[in-house]
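So the structure is just underneath, and the comments pick up after that.
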Number of protein chains: 2
Amino acid sequence: MSQLHTIGEAAADSGVSAKMIRHYEKIGLIGAAERTEAGYRLYGPAEIHTLRFIRRARNLGFSVDDIVELLGLWHDEKRASKDVREVAAGHLGALRAKAAEILSMIDALEHLIAGCTNDDRPDCPILKDLSNDANPALAKEVGHKFGYQRVC
Amino acid sequence: MSQLHTIGEAAADSGVSAKMIRHYEKIGLIGAAERTEAGYRLYGPAEIHTLRFIRRARNLGFSVDDIVELLGLWHDEKRASKDVREVAAGHLGALRAKAAEILSMIDALEHLIAGCTNDDRPDCPILKDLSNDANPALAKEVGHKFGYQRVC
DNA sequence: ATAGGGCTTCCCATCATGGGAAGGTCAAGA
DNA sequence: TCTTGACCTTCCCATGATGGGAAGCCCTAT
């Protein structure tokens with residue numbers, strides 16, 4: 001008994017909020033916890049270890065779906081390291097794509113801000129760029145289906 | 001009449017989906033569109049220009065709340081360029097923070113993956129790190145309220 | 001006994017976006 | 001003229017991870 005913890009203690013010890021622990025249980029990421037007679041959830045060292053694993057994986061940006069896989073591999077003594085690597089590499093690719101996207105936004109925004117007079121005059125290259133039909137800010141070539149011609 | 005467009009045409013011309021145009025109307029980012037007798041929304045050049053403005057701002061990662069401000073400034077002849085700059089600079093700061101977060105995840109993940117044997121053996125430094133209590137992967141100093149001591 | 005803090009479940013909100021159903025409208029072709 | 005198909009309308013639901021908050025039960029210290 002002495003190593004069984006309530007959800008609040010498990011949260012403090014693992015860094016995962018009580019709210020999220022219940023959520024992870026509900027979506028099946030972790031199994032249903034033991035309960036006291038009064039219905040309180042109880043967590044032992046193994047469960048808290050798992051929660052820490054989950055928190056670390058979340059800190060690395062892994063999605064819950066990824067973590068389902070990682071936990072399965074973690075508990076699978078016959079796992080192949082390349083299977084783990086595959087999950088990690090997939091996530092790394094997604095992170096790199098996201099980083100590239102954000103960095104290009106930063107780049108574009110820095111250029112716009114650099115051109116701003118930063119005073120009380122209304123002239124503003126930022127708004128000029130955003131409203132300029134000829135110079136679409138950071139145009140994503142996505143979703144522009146200009147095949148249609150106007151009907152009216 | 002000849003320059004009035006249905007929502008599908010406005011979507012194609014602006015790069016904002018019809019779904020989102022209706023959504024922007026509902027949340028008040030844009031005003032209610034004119035309607036035909038049958039209830040179809042109609043968009044003129046000014047509205048489509050605004051939609052393009054919105055799409056460009058979204059491409060730069062501005063939130064809808066930011067865009068409300070930017071549209072207000074855009075239409076305000078007496079705006080001060082520094083007010084625009086302030087909105088943009090605030091967003092830039094958020095983007096930089098996000099980028100730093102993602103880059104540190106990438107960095108940590110690259111190190112883990114580099115140590116992976118990538119074969120059929122079960123030994124795996126990635127899982128080892130995630131499960132290692134002593135070496136928390138990319139520990140965020142966030143949310144660790146370790147003031148509490150275990151009660152049990 | 002009572003107060004306060006922790007626990008339970010349930011519902012709602014975020015943020016931007018899309019999917020899909022049920023039904024009305026319109027234009028082109030048989 | 002009728003049909004067909006592509007559009008439009010509104011309404012509801014889902015995403016993903018997280019938190020807020022209410023109503024009510026439980027436990028412990030005063």
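Just so we're clear, the structure is a prediction, and the values are computed from it rather than from any experiment. When reading the values below, keep in mind they use all heavy atoms of this one structure, side chains included, and skip hydrogens, waters and symmetry mates. Numbered from 1 within each chain, the chains take letters A, B, ... in sequence-line order.
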Nearest whole angstrom, please: distance from the [atom2] of [N] to the [atom1] of [X].
{"X": "Glu9(B)", "N": "dT25(C)", "atom1": "CD", "atom2": "P", "answer": "19 Å"}
{"X": "Ile21(A)", "N": "dT18(D)", "atom1": "CD1", "atom2": "C1'", "answer": "14 Å"}
{"X": "Ile27(A)", "N": "dA14(D)", "atom1": "CD1", "atom2": "P", "answer": "16 Å"}
{"X": "Lys19(B)", "N": "dT15(D)", "atom1": "NZ", "atom2": "P", "answer": "16 Å"}
{"X": "Leu51(B)", "N": "dT17(C)", "atom1": "CG", "atom2": "P", "answer": "13 Å"}
{"X": "His91(B)", "N": "dC15(C)", "atom1": "NE2", "atom2": "C1'", "answer": "14 Å"}
{"X": "Arg35(B)", "N": "dT25(C)", "atom1": "CZ", "atom2": "C1'", "answer": "14 Å"}
{"X": "Leu42(A)", "N": "dC26(D)", "atom1": "CG", "atom2": "P", "answer": "15 Å"}

Cationic N near anionic O, under 4.0 Å, [X] to [Y]:
{"X": "Arg85(A)", "Y": "Glu69(A)", "value": "no"}
{"X": "Arg41(A)", "Y": "Glu9(A)", "value": "no"}
{"X": "Glu25(B)", "Y": "Arg35(B)", "value": "yes"}
{"X": "Arg56(B)", "Y": "Asp129(A)", "value": "no"}

Counting any heavy atom closer than 4.0 Å, what does Phe62(A) reach on the DNA or RNA strands: base, sugar-phosphate only, or nothing?
nothing
Does Arg22(A) reach a base, just sugar-phosphate, or nothing at all? Heavy atoms under 4.0 Å.
base
With DNA chain C as reference, determine whether Ser63(B) or Thr36(B) sits nearer its 5' end, using the nearest nucleotide of each.
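Closest to the 5' end, via its nearest nucleotide, is Ser63(B).
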Map Tyr40(A) and Lys26(A) onto DNA chain C by nearest heavy atom, then report which one ends up closer to the 5' terminus.
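The answer here is Tyr40(A).
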State whether [X] places a side-chain N or O below 4.0 Å from either non-bridging phosphate oxygen (OP1 or OP2) of [N].
{"X": "Arg41(A)", "N": "dT8(C)", "answer": "yes"}
{"X": "Thr6(A)", "N": "dC7(C)", "answer": "yes"}
{"X": "Arg55(B)", "N": "dA16(C)", "answer": "no"}

After noting the C-alpha distance and the side-chain angles of Ser63(A) and Asp65(A), does the key distance pass the side-chain hydrogen bond (donor to acceptor under 3.5 Å, both in side chains) rule?
CA-CA 5 Å; Ser63(A) 70; Asp65(A) 277 356; 5.4 Å; no
Among dG18(C), dA16(C), dA17(D), the nucleotide that comes nearest once only the side chain of Arg58(B) is considered:
dA16(C)
DNA chain D: 5'-proximal contact among Ala38(A) and His23(A) (nearest heavy atom):
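Between the two, 5'-proximity favours His23(A).
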